[in-house]
Amino acid sequence: MKALILGRGAREHALTWKFSRSFRISGLFCAPGNAGTADLATNLPEISETDTEALISACRREAVDIVFVGGETALAAGVVDALHAAGISAVGATAAAAQLEASKAVSKDFMKRHGVATAEAVVFTDTEPFEQYINKLRHPVVIKKSGLAAGKGVLETEDKDEMIAFGRETLRDDQLLVEERLTGYEISVFALTDGTSYTLLPPCADYKKAGEGNTGPNTGGMGAICPVPWVKPETMEQVRQRVLEPTIAGLELDGLRFTGVLYLGLMITDEGPKLLEYNVRFGDPEAQVLLPLIKSDFGSLCEAMVEGKLAEFPLELSKKTALGVVLASPGYPEAYRRNIVVDELPTNDRKELVVFHAATKTEGERVMTDGGRCFTVVGIGHELLEARGTAYSAVKNVKFDGAWWRPDIGGMIFGQ
Ligand code: AMP
Ligand code: GLY
């Protein structure tokens, strides 16, 4: 079987690495890919994530059997629908299902109609009713842009003037949600689905803030762990009953079934889990810690998904823990430097350590940085402390000028 992974981040390097270890795989491509995927697959750097025409012709030329779409931009742009229309199997949400991620107004409406446990929210399209609502507000809220905002769409403040300014700006070209502010701790839970059945994977935690102790600006994610030792089995059972099952039933009722990954962004409150958001893909950096714990052959798993046979697939998971630390460029998440030479990298030949590339490229023999988040260094151990020790001892061996990382990945994160 020949597989192609669409994307260029560390999540896509982790997917490529996982496919490369599958006995079913005879050819592997990554479009556009990065310097890490180039070691394992043929990169197709000329194909951008939303260039469906070029993607389909490459799939035909190379006789690709299955495409795994990594990220939301391609999914929301309808890449999976185009692949299906061309007769090519794909793991990833259709454009209609991707609206659950691309529009928070759509997803909140879906959650309410199908009885999914979530925060209360009101959707606004016009400034006047929004401002009246804010002026009368008596309880803590967060304000969210409806559309895709790459981690920058949520305002958390007590200051009504700030809320109104954010709202006026957003309402020029988007809708807005004013949502009850929840307290607790956050986890990301992933389910694989073939459209009919689903498999729940162990919980992950994503360390979203730039600074130690969860301070500073939001980022795409500075590290992750899987599983999360402070999540009890009862909590996962509540996630299944109160969030996942009504979601799967809702996808069926609304005609939105798809083959791919459903991502539940949850706050675990005193009343149990509540859904903050849906995504229709693996998280980044969650994928980098989740995928190394899948013991089953990944090519066979993806094949079972596209054939609608997930329920019969005996998924085997490792009992170990994985911890990933993201290395970022100087300045990230604000304006950052690019094109920094990577002087040193640990080799990827230890069972308990994997280094995934994100924004990197090759220039001749050299690896260069090409964006904000550049690597995820993943340690795997029998428990969290061991994984943490392995990851942090290797982080120091990834050397490029100005590289920085959070020193506290693996600590417990509380919400507001
Ligand atoms: P979202 O894009 O909905 O995942 O929101 C991004 C981040 O904002 C989340 O990871 C939370 O840290 C925070 N957030 C979103 N919604 C809420 C809420 N209702 N209560 C508290 N924090 C929230
Ligand atoms: N780790 C958060 C995300 O992938 O959206």
Side-chain angles (χ1 to χ4, degrees), residues 7 9-12 14-15 69-73 75-76 98 100-108 111 116-123 139-158 163 166 170 174-190 203-210 214-226 228 261-271 273-291 324 326 328 333 356 358 372-373 376 406 409 413-416:
R11 168 182 55 208
E12 287 75 22
L15 285 164
V69 182
E72 63 275 20
T73 313
L75 295 167
L100 289 178
E101 170 163 3
S103 165
K104 289 192 192 292
V106 167
S107 72
K108 186 59 74 174
M111 293 173 208
V116 175
T118 185
E120 293 302 324
V122 189
V123 179
H139 62 280
V141 295
V142 296
I143 305 198
K144 299 181 169 188
K145 292 182 183 177
S146 178
L148 288 176
K152 298 210 162 67
V154 177
L155 178 74
E156 299 170 53
T157 178
E158 315 296 319
M163 293 182 197
F166 181 84
T170 303
D174 198 354
Q175 287 176 299
L176 197 66
L177 280 77
V178 180
E179 190 169 286
E180 161 200 11
R181 183 179 295 201
L182 299 176
T183 50
Y185 63 88
E186 286 183 62
I187 55 171
S188 310
V189 173
F190 298 87
C204 302
D206 168 20
Y207 294 72
K208 291 176 206 265
K209 303 273 188 194
N214 305 305
T215 53
N218 261 325
T219 69
M222 293 306 298
I225 57 170
C226 179
V228 185
V261 181
L262 182 67
Y263 168 153
L264 309 170
L266 296 154
M267 183 77 83
I268 310 303
T269 71
D270 289 343
E271 295 168 10
K274 297 213 174 162
L275 189 65
L276 297 179
E277 62 164 350
Y278 288 116
N279 295 316
V280 289
R281 54 177 174 83
F282 277 126
D284 183 338
E286 290 96 324
Q288 295 92 295
V289 290
L290 191 47
L291 291 169
V326 170
F356 295 120
R373 292 188 298 166
T376 310
R406 261 182 71 163
I409 305 302
I413 327 173
F414 288 96
Q416 323 304 317

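Both counts, for ligands and for their atoms, begin at 1 and track the order of listing.
Remark: the backbone N or O of Leu275 is paired with a side-chain donor or acceptor of Thr118 at under 3.5 angstrom. A donor-acceptor pair under 3.5 Å links the side-chain atoms of Ser146 to the main chain of Lys104, judged by distance alone. With Lys274 contributing its side chain and Glu120 its backbone, the two residues share no donor-acceptor pair below 3.5 Å. When atom types are taken as modelled, the side chain of Asp174 and the backbone of Gly147 share a donor-acceptor pair closer than 3.5 angstrom. Side chain of Glu101 to backbone of Val280: a donor-acceptor contact under 3.5 angstrom is found. A donor-acceptor pair is defined here as one N or O able to donate and one able to accept, closer than 3.5 Å; no such pair exists between the side chain of Arg406 and the backbone of Gly223.
Under a 4.0 Å criterion applied to the non-hydrogen atoms of Lys104, ligand 1 contributes the atoms 1 (P), 2 (O), 3 (O). Near Val142, the atoms of ligand 1 lying under 4.0 angstrom from a non-hydrogen atom of the residue are 16 (N), 17 (C), 18 (C), 19 (N). Residue contact check: Lys144 has heavy atoms under 4.0 Å from atoms 3 (O), 15 (C), 16 (N) of ligand 1. Near Asp206, meaning under 4.0 Å from any of its heavy atoms, are these atoms of ligand 2: 1 (N), 2 (C). Those atoms of ligand 1 with a heavy atom of Arg181 less than 4.0 angstrom away are 20 (N), 21 (C). In the vicinity of Glu156, heavy-atom distances shorter than 4.0 Å reach the ligand 1 atoms 8 (O), 13 (C). Each of the following atoms of ligand 1 lies closer than 4.0 Å to a heavy atom of Met267: 21 (C), 22 (N).
Only the side chain of Lys208 comes within contact range of ligand 1, with a heavy atom under 4.0 Å; no backbone atom does.
Backbone and side-chain nitrogen or oxygen atoms of Glu286 are examined, and one is located within less than 3.5 angstrom of a nitrogen or oxygen of ligand 2. Some N or O of Leu182 is nearer than 3.5 Å to an N or O of ligand 1, by distance alone. The N/O atoms of Arg281, backbone and side chain alike, include one that comes under 3.5 Å of an N/O atom in ligand 2.
More than 12 heavy atoms of other residues, nucleotides or ligands lie within 6.0 Å of CD in Glu180, so this atom counts as buried by the packing criterion.
Using a 4.0 Å heavy-atom cutoff, Tyr263 is listed among the residues neighbouring ligand 2. Using a 4.0 Å heavy-atom cutoff, Gly283 is listed among the residues neighbouring ligand 2. Under the 4.0 angstrom criterion for non-hydrogen atoms, Gly220 is in contact with ligand 2.
Summarising the geometry, atom OG1 belonging to Thr376 is positioned 11.0 Å from atom CZ belonging to Arg11; distances are rounded to the nearest 0.5 Å.
Using a 30° and 60° split on the angle between ring planes, Phe190 and Phe282 fall in the tilted class, from 30° to 60°.
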